[in-house]
Amino acid sequence: MSLTKPLRLLLLGAPGSGKGTQTSKLLAKIPTLTSISSGDLLRKEISIKSSIGKTASKYIEKGDLLPDSIILDLIYKELSDKNWLSPNATWLLDGFPRTLNQAIGLDNRLSKHNVNINLVVELDIPEDVILQRVENRWVHIPSGRVYNTQYNPPKIPGKDDITGENLSKRPDDNAQVFKQRLQKYHNEITPLKKFYENQNILHKVSGETSDIIFPKLYNLIISKFGKS
Ligand code: ATP
Ligand code: MG
């Protein structure tokens with residue numbers, strides 16, 4: 001699909017709602033799209049044992065959010081490095097902003113370049129489905145590719161389809177930490193949604209599986225930004 005104007009998309013959704021999966025599907029369909037996932041970025045920092053990675057792992061292990069200022073600086077640096085502040089760039093954010101403070105901070109910075117987020121989509125999935133999913137989730141840390149041993153298993157068990165490298169289980173995908181992450185999400189989401197609702201850019205797509213969600217998301221994007 002080609003777009004008729006730049007898309008600057010934020011995906012919202014509970015942990016395990018499939019933001020990463022929807023991101024991969026969109027990247028495959030929209031050649032000009034690029035993405036940043038705050039969680040993937042942090043897991044990479046942890047895997048290379050950088051100082052920000054060391055800080056991040058303390059929060060992530062407990063299912064807590066990193067302080068707003070740390071994550072805001074990290075993402076903003078990444079998006080200026082990727083040339084996302086250019087008026088023609090088309091991009092997608094997954095996992096950031098996820099508090100009202102982060103949203104305001106990002107908005108202030110993007111405003112200076114006139115490249116504010118112009119579409120926000122909430123992925124709405126039943127909580128019992130999410131809980132089941134996370135138990136079976138495996139990730140390829142360098143790329144962020146996500147597998148599910150039930151729904152989309154890797155071709156070779158435990159290995160990434162593209163690189164053949166090992167998959168990992170996220171340490172924060174266990175029942176106890178996951179409950180904490182879900183709770184944090186519910187605490188933060190209402191004011192965040194209000195912020196984007198007030199800008200008239202908030203939409204919601206609902207469904208039980210990624211295959212049901214994706215066409216809805218895709219059609220929404222086409223209806224606002226593209227021609228198929
Ligand atoms: P999922 O990847 O399952 O959709 P999630 O959104 O909980 O779920 P990630 O986005 O991968 O997971 O984030 C993992 C952890 O990284 C969070 O629990 C938090 O500790 C930290 N983190 C990620 N993004 C942010 C953010 N915007 N602000 C603060 N902390 C963050
Ligand atoms: Mg994710």
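The shown structure was predicted, so the numbers you read here are calculated from the model rather than taken from an experiment. Note that ligands are numbered from 1 as they come in the structure, with each ligand's atoms numbered from 1 the same way.
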Check your understanding: Which protein heavy atom lies closest to atom 5 (P) of ligand 1, and at what distance to 0.1 Å?
Key -> R181 NH2, 3.5 Å

Review point. With only distance considered, is Y59 within less than 3.5 Å of ligand 1 through an N or O on each side?
Key: no

Check your understanding: Any idea which protein heavy atom is nearest atom 29 (C) of ligand 1, and the distance to it?
Key -> L66 N, 3.2 Å

Check your understanding: Going by an N to O cut-off under 4.0 Å, is there a salt bridge joining D73 and K77?
Key -> no

Exercise for review: Could you tell me whether ligand 1 has any atom less than 4.0 Å away from a heavy atom of G16?
Suggested key: yes

Point to revise | Intermediate values then yes/no, side-chain hydrogen bond (donor to acceptor under 3.5 Å, both in side chains), D160 and T163 | key: CA-CA 6 Å; D160 177 46; T163 62; 2.8 Å; yes

Point to revise | Shortest reach to atom 31 (C) of ligand 1 by a heavy atom, considering only V139, L65, T99 | key: L65

Practice item. Under 4.0 Å from a heavy atom of Q102: give me the atoms of ligand 1 that qualify, with their elements. Key: 26 (C), 27 (N), 28 (N), 29 (C)

Check your understanding: Under 3.5 Å, N or O to N or O, is D94 touching ligand 1 that way?
Key -> no

Exercise for review: For ligand 1, indicate whether the residue D64 contacts it via side chain, backbone, both or neither (heavy-atom separation under 4.0 Å).
Suggested key: backbone

Check your understanding: Ion pair present between K25 and D211, side-chain N to carboxylate O less than 4.0 angstrom?
Key -> yes

Check your understanding: Does any N/O atom on G95 come nearer than 3.5 Å to any N/O atom on ligand 1?
Key -> yes

Check your understanding: For ligand 1, which atoms, with element, lie under 4.0 Å from some heavy atom of G39?
Key -> 9 (P), 10 (O), 11 (O), 13 (O)

Point to revise | Side-chain heavy atoms of L182 within contact of L131, under 4.5 Å | key: yes

Practice item. Quick one: pull up CG in L92 and CG in L10 and give me the separation to the nearest 0.5 Å. Key: 8.0 Å

**Study point:** Check: Q132/N136 side-chain N/O donor and acceptor closer than 3.5 Å
**Key:** no

**Study point:** Protein heavy atom at shortest distance from atom 15 (C) of ligand 1
**Key:** I60 CG1, 3.8 Å

Check your understanding: Roughly how far apart are K169 NZ and E135 CD, rounded to 0.5 Å?
Key -> 7.0 Å

Review point. What do the steps show when you test R181 against D173 for salt bridge (Lys or Arg N to Asp or Glu O under 4.0 Å), and what is the final call?
Key: CA-CA 9 Å; R181 287 162 58 199; D173 272 355; 2.9 Å; yes

Check your understanding: Of all the atoms in ligand 1, which lie at a distance below 4.0 Å from a heavy atom belonging to F96?
Key -> 27 (N)

Check your understanding: Counting heavy atoms only, which of R98, K19, R43, E61 comes nearest to atom 10 (O) of ligand 1?
Key -> R98

**Study point:** Parallel, tilted or perpendicular: rings of W84 and W91 (30°, 60°)
**Key:** parallel

Practice item. With heavy atoms only and a cut-off of under 4.0 Å, state how L42 meets ligand 1: side chain, backbone, both or neither. Key: side chain

Practice item. Determine, for E122 against K193, whether the closest basic-nitrogen to carboxylate-oxygen distance falls under 4.0 angstrom. Key: yes

Check your understanding: In ligand 1, which numbered atoms sit nearer than 4.0 Å to a non-hydrogen atom of R137?
Key -> 1 (P), 2 (O), 3 (O)

Check your understanding: What part of I71, side chain from CB on, backbone N/CA/C/O, both or neither, has a heavy atom under 4.0 Å from ligand 1?
Key -> side chain

Review point. Looking at CG of N118 and CZ of R8, how far apart are the two atoms once the value is rounded to the nearest 0.5 Å?
Key: 4.5 Å

Check your understanding: Of the listed options (G18, S38, S17), which comes nearest to atom 24 (N) of ligand 1 when hydrogens are ignored and any heavy atom counts?
Key -> S38

Check your understanding: Using a heavy-atom cut-off of under 4.0 Å, does the side chain or the backbone of R170 touch ligand 1, or both, or neither?
Key -> side chain

